[in-house]
Amino acid sequence: MMGQKLLASLLISCAFLGSSAVWAADLETNMKTLAKSTKAFAEAKDAANAKQQLVVMREAAVSSKQYLPHKLEGLPSGNVQVKEYQAGLDQLVAEIDKVTALVEQGHLDQAKTEAMNLVKIRNENHKKFR
């Protein structure tokens with residue numbers, strides 16, 4: 001009986017640790033995910049695939065707010081540069097939401113044109129913080 005409880009506890013612990021490791025991606029992983037999903041979005045042939053890529057992009061952008069790039073590591077959250085970094089991610093999320101709305105309205109081509117702003121936002125922020 002004691003052995004079964006111990007085994008059950010170990011299995012639950014392993015499952016929790018495994019799922020949290022998958023959930024918590026680091027900044028580099030999030031940036032790679034954003035890049036892959038941006039490319040996949042540009043190549044999407046239908047709204048369902050496009051929206052799926054936008055969901056992945058948004059999750060990666062939101063997750064990135066938990067981390068600071070190497071250039072800003074060790075700075076307090078109130079630092080001007082840290083606030084600018086966070087604002088850049090907020091701008092990226094807002095643009096993803098705007099593109100998502102266009103896809104949901106059935107305007108995939110217009111959404112792809114608007115998505116060029118995602119690349120612009122990325123490039124501007126890479127210059128500042130990479």
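For T33, the side chain to side chain donor-acceptor pair (under 3.5 Å) test picks out no residue, with sequence neighbours left out. Residues that satisfy the side chain to side chain donor-acceptor pair (under 3.5 Å) test with D97, not counting sequence neighbours, are R58.
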Worksheet entry | CA sep, side-chain torsions, deciding dist, call: K45, L108, side chain to side chain contact (heavy atoms under 4.5 Å, CB included) | CA-CA 9 Å; K45 303 288 187 218; L108 183 57; over 6 Å; no
Discussion item. Using the rule given for side chain to side chain contact (heavy atoms under 4.5 Å, CB included), can you reason through I96 versus L92, listing the C-alpha separation, both sets of side-chain angles and the distance that settles it, and then say yes or no?
Written reply: CA-CA 6 Å; I96 292 168; L92 185 63; 4.2 Å; yes
Item to complete: Please test V103 against L54 for side chain to side chain contact (heavy atoms under 4.5 Å, CB included), starting from the C-alpha separation and ending with a verdict.
Response: CA-CA 9 Å; V103 171; L54 289 164; 3.8 Å; yes
Discussion item. Between K39 and Q53, is the side chain to side chain contact (heavy atoms under 4.5 Å, CB included) condition met? List the steps.
Written reply: CA-CA 9 Å; K39 182 178 180 187; Q53 296 307 320; over 6 Å; no
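Atom-to-atom distance recorded for E95:CD and R122:CZ is 13.5 Å, nearest 0.5 angstrom. Here the NZ atom belonging to K36 is positioned 14.0 Å from the CE atom belonging to M57, to the nearest 0.5 angstrom. Taken to the nearest 0.5 Å, the CG atom of D46 stands 9.5 Å off from the CD atom of Q52. Atom NZ of K112 is separated from atom CD of E43 by 8.5 Å, given to the nearest 0.5 angstrom.
Hydrophobic clustering (ILVMFWY, side-chain heavy atoms < 4.5 Å, transitive): V56 and L89 are in distinct clusters. L68 and L34 fall within the same hydrophobic cluster, defined by Ile, Leu, Val, Met, Phe, Trp and Tyr side-chain heavy atoms under 4.5 Å apart, directly or through other members. By the criterion of side-chain heavy atoms lying less than 4.5 angstrom apart, applied directly or through intervening Ile, Leu, Val, Met, Phe, Trp or Tyr residues, L118 is not grouped with V93; the two fall into different hydrophobic clusters. Residues L75 and Y67 share a hydrophobic cluster, clusters being chains of Ile/Leu/Val/Met/Phe/Trp/Tyr side chains in contact below 4.5 Å. Linking ILVMFWY side-chain heavy atoms closer than 4.5 Å, directly or via other members, places V62 and F41 in two distinct hydrophobic clusters.
No side-chain heavy atom of E114 sits less than 4.5 Å from a side-chain heavy atom of Q110. Side-chain atoms of M31 and S64, non-hydrogen and from C-beta on, do get closer than 4.5 Å to each other. In this structure, E84 and N125 have side chains that are not in contact, with every pair of non-hydrogen atoms separated by 4.5 Å or more. The closest side-chain heavy-atom distance from P69 to L27 is below 4.5 Å.
K51 NZ: 12 or fewer foreign heavy atoms inside a 6.0 Å radius. Remark: K71 NZ is packed, more than 12 non-hydrogen atoms of other residues, nucleotides or ligands lying under 6.0 Å away. A 6.0 Å sphere centred on NE2 of H126 holds more than 12 heavy atoms belonging to other residues, nucleotides or ligands.
Between E28 and K32 there is a salt bridge, since a side-chain N of the basic residue sits under 4.0 Å from a carboxylate O of the acidic one.
Judged purely by atom type and a 3.5 angstrom limit, D26 uses its side chain to pair as donor or acceptor with the backbone of T29.
Taking every heavy atom of both residues into account, N30 and S63 meet most closely at ND2-OG, 3.1 Å. Between I121 and G88, the shortest heavy-atom contact is CG2-O, 4.0 Å.
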